[in-house]
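See below for the structure under consideration.
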Amino acid sequence: MQYGYFDDEQREYVITRPDTPLPWINFLGCEDYFGIISNTAGGYSFYKDARLRRLTRYRYNNAPLDTGGRYIYLRDDDAPSPTSWSPSWQPTRIPLEEYECRHGMGYTTIRSRLNGITAHMRYFIPLGVNLEVWELKLTNLRPQDANLSVFATIEFCLWDAMDDATNFQRNYSVGEVEVVDGVIYHKSEYRERRDHIAYFACSETLAGFDTNRDAFLGAYRGFDAPAAVESGSLANSITHGWQPIGATHTRLRLPAGGSKTIIYLLGYHENPSDQKFDPPGTQTVNKHSVTPIIRKYLQEAEVETAFIQLQAYWDGLLARLQVHTPDVHTDHMVNTWNVCQIMAAFSFSRSASYFESGIGRGMGFRDSNQDLIGFVHLLPAQARSRILDLAATQLPTGGAYHQYQPLTKRGNNEVGSGFNDDPLWLVLAVAAYIAETGDWDILDQPVPYDNAPGSEESLYHHLKRSMQYTLDRLGPHGLPLIGRADWNDCLNLNCFSDSPGQSFQTTTNKDGKVAESVFIAGLFIRAARDMIQMAQKKEGESAVKAYSMAIALMEQAVWQAGWDGAWFRRAYDDLGQPVGSRECTEGQIFIEPQGMCVMAGLGIRDGRARQALDSVAERLATPHGILLLQPGYTHYYLNLGEISSYPPGYKENGSVFCHTNPWIMIAEAMLGDGARAHDYYLRINPSNREEISDLHRCEPYVYAQMIAGREAPTFGEAKNSWLTGTAAWNYVAITQWILGVRPELTGLRLDPCIPPGWNGFSVQRNFRGHRLHINVYNPQHVSRGVVMLKLDGKQVVGNLLMLEPDGADHQVEVWLGQ
Ligand code: BGC
Ligand code: NOJ
């Protein structure tokens, strides 16, 4: 069953009923101020850091689902016994006669009708400012005038979301607000060390307001039935501690057929620390610099202009790569939503969504590096600074903090380091950046280690240390030691955790001189191939030789100890026993090394890559995607760690862990099987799963981190949507390997590997200042093989385009055939 549809022209996903299986959300904001909004206006907002600068409160895990949001109530003041409802359905959940939510690029609209009143709400964050706009347009469809009360509410979070959810003995006493000229200012903790406030403003004269939650809701009531909405008047309460909220009341008389637009602003503002108060010496918030911003955006015309600017911004981003293929699901994802999801993952890493609380996790080192590979063509300058930020958290050993805090950009000590794959992802990200931009200069940028001034070395040296980090940590079989874990955070081979509540991420590990990772071996080789090309530019032959030698030795180790006969093994545990081998009773085959080793080029010539991928097809592929491992672990293994803490079929223990699926798509494309590559692509493509939304449950327009695996009772059910490396990798798999328009360090490779049934497809793409119009023809219905390539009508030898830097538009024609 479907709960909506794709509106391709508007680039929106349209949700046609409010009771979706789970809240279906959107992300607002692309600079410093962000919001998450569900299809019923739930969600929360924050400035830069979802933990340390949280503006509004949200309760995960609550019943009913998705409480806390940007709520509006309408009250029919004429009715004999006044009725009220929420035009976004939540929180009152009073049935609406019409409902439609449209999630677009950086905005969400909700339109509904009840009792002859239509409400149209538009939520977005204008570019260049730290506020969100809620624009509400009400229309009276009745034959007579309507007297309405409009209430708008938000619940302030006391900034630090962790503290807010735990430290009640203090927080119930620190809440403070000011209400001036109809604007509610939230200034908790401003009297001491904060230099920032939040505000909630309305374009209309207020009939009343509340800032104390109890005053608004009434004791023991919820947002579904506030006493103040029922009675039709607010108490003008000023909260002292407890729960500061912003609630406003506007009375309207709407003539028959008439409309009225009301604008609400929720914003964040900082004052210089020596100008916090006005007059100085008082405790009154200085509002000089914020007032003009509020005034400006309370005007309809300004809001419209800001919205047009936001749309133009997204037009520009999306235009950078557009495709037209015979497959609608490919087009849906590549042309809009996959990009939108990549932007969210780039902005928040894995920190804030409806599954990530914004509290526990900063920006992941490996995560952000992988996000970059799908992001770099969108905003190369931002990609560049992210790379430099990440590299600056690298440790002098070449290792990396697993996460850093977005506000401070410092490595997160609580989670520490020792995930031995981490540093290698930096190499892939930098290579992707240079391939896209041609900006080799980035390698010369001085970057510190652990942010310590004076420790700067060139980025290229950072990459060398990344590589050396692996070589300094080889195990008994000559394979890389796994450390705390590699890509699979839950394969904790040195952890041996036996007490409940210990964190698999941070519990002190064994020194770990035995457990090795075949996956890191593959990743190392994959990275070393890029390093060779960079070394050629930076150092010359001797460095090139050194990396070639390192590749050769690593390959040898893989074939000697990492090959299981029909697939790549996963690892060796602390006892030196193989993991992911037919010798094991459970967890005989894992997806990760099959993908990574083939992507590294292992076994392509001698057929072993084919064999590994056939094993994947046989043992791991399901109609809902490719499983992470088989068979799932049925009980907890001390020597394997968190992976075996999950019931079989969930998360790392044998779900379809979507992030890894594109690695197999890429591997299949490398081997020339376009039908299989695209078939795998479709199995997890959310648009292709739209019709099974009752089973899938998550949004049909973005990837989820996992889909429950074959052994799970809920096989096919998705979880953890939005913030996952799946977004970037699927984008790379489809655009660069299946459609085959692939930036390489030396130029743009054209090497499609498509289902043979396709007649062709086209791609419009920006590349190093050029605009390329690429048409691919497949008259002989092959999967792969470029027989002719033309640039502006002239034949090119081979399939690599090296363009003169003339910044011009170019026609590229590609003929596939035998
Ligand atoms: C999850 C992993 C995640 C890790 C780190 C684990 O519980 O299963 O997917 O990467 O936590 O937060
Ligand atoms: C999610 C984490 O964010 C990512 O870094 C990790 O690779 C996967 N889980 C697999 O464990």
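Note that these values count all heavy atoms, side chains included, but never hydrogens, waters or copies made by symmetry. Ligands are counted one by one from 1 in listed order, and the atoms in each one are counted from 1 as well.
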Of all the atoms in ligand 1, which lie at a distance below 4.0 Å from a heavy atom belonging to [X]?
X	value
Gln705	9 (O)
Glu642	6 (C), 7 (O), 8 (O)
Lys651	1 (C), 2 (C), 8 (O), 9 (O)
Cys490	1 (C), 2 (C), 6 (C), 8 (O)
Asp489	3 (C), 4 (C), 5 (C), 10 (O)

Review point. So which protein residues pack against ligand 2 under 4.0 Å, heavy atoms counted?
Key: Arg350, Arg361, Arg366, Asp367, Trp487, Asn488, Asp489, Glu652, Phe657, Gln705
Taking side-chain hydrogen bond (donor to acceptor under 3.5 Å, both in side chains) as the definition, give me every residue that meets it alongside [X], ordered by chain and number, with sequence neighbours left out.
X	value
Ser497	Gln502
Lys719	none
Glu516	His477

Review point. How about Trp729 and Tyr703: are their ring centres within less than 6.0 Å of each other?
Key: no
Check your understanding: Is there a donor-acceptor contact under 3.5 Å linking the side chains of Gln370 and His659?
Key -> yes
Review point. Do Asp422 and Tyr401 get their side chains close enough for a donor-acceptor pair, meaning under 3.5 Å?
Key: no
Exercise for review: Over 60° means perpendicular and under 30° means parallel, so classify the ring planes of Trp24 and Tyr701, tilted if in between.
Suggested key: perpendicular
Check your understanding: Aromatic rings Phe375 and Phe346: how do their planes relate, parallel, tilted or perpendicular, breaks at 30° and 60°?
Key ->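 The rings of Phe375 and Phe346 lie parallel, inter-plane angle below 30°.
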**Study point:** Selected option - heavy-atom contact closest to atom 1 (C) of ligand 1, from Phe419, Tyr646, Tyr650, Trp487
**Key:**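 Answer by nearest heavy atom: Tyr646.
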Point to revise | From the candidates Gln505, His659, Glu652, His402, the one that places a heavy atom nearest atom 9 (O) of ligand 1 | key: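 Closest candidate by heavy-atom distance is Glu652.
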**Study point:** Asp489: which of Lys651, Arg484, Arg366 passes side-chain hydrogen bond (donor to acceptor under 3.5 Å, both in side chains)
**Key:**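 Option passing the side-chain hydrogen bond (donor to acceptor under 3.5 Å, both in side chains) with Asp489: Arg366.
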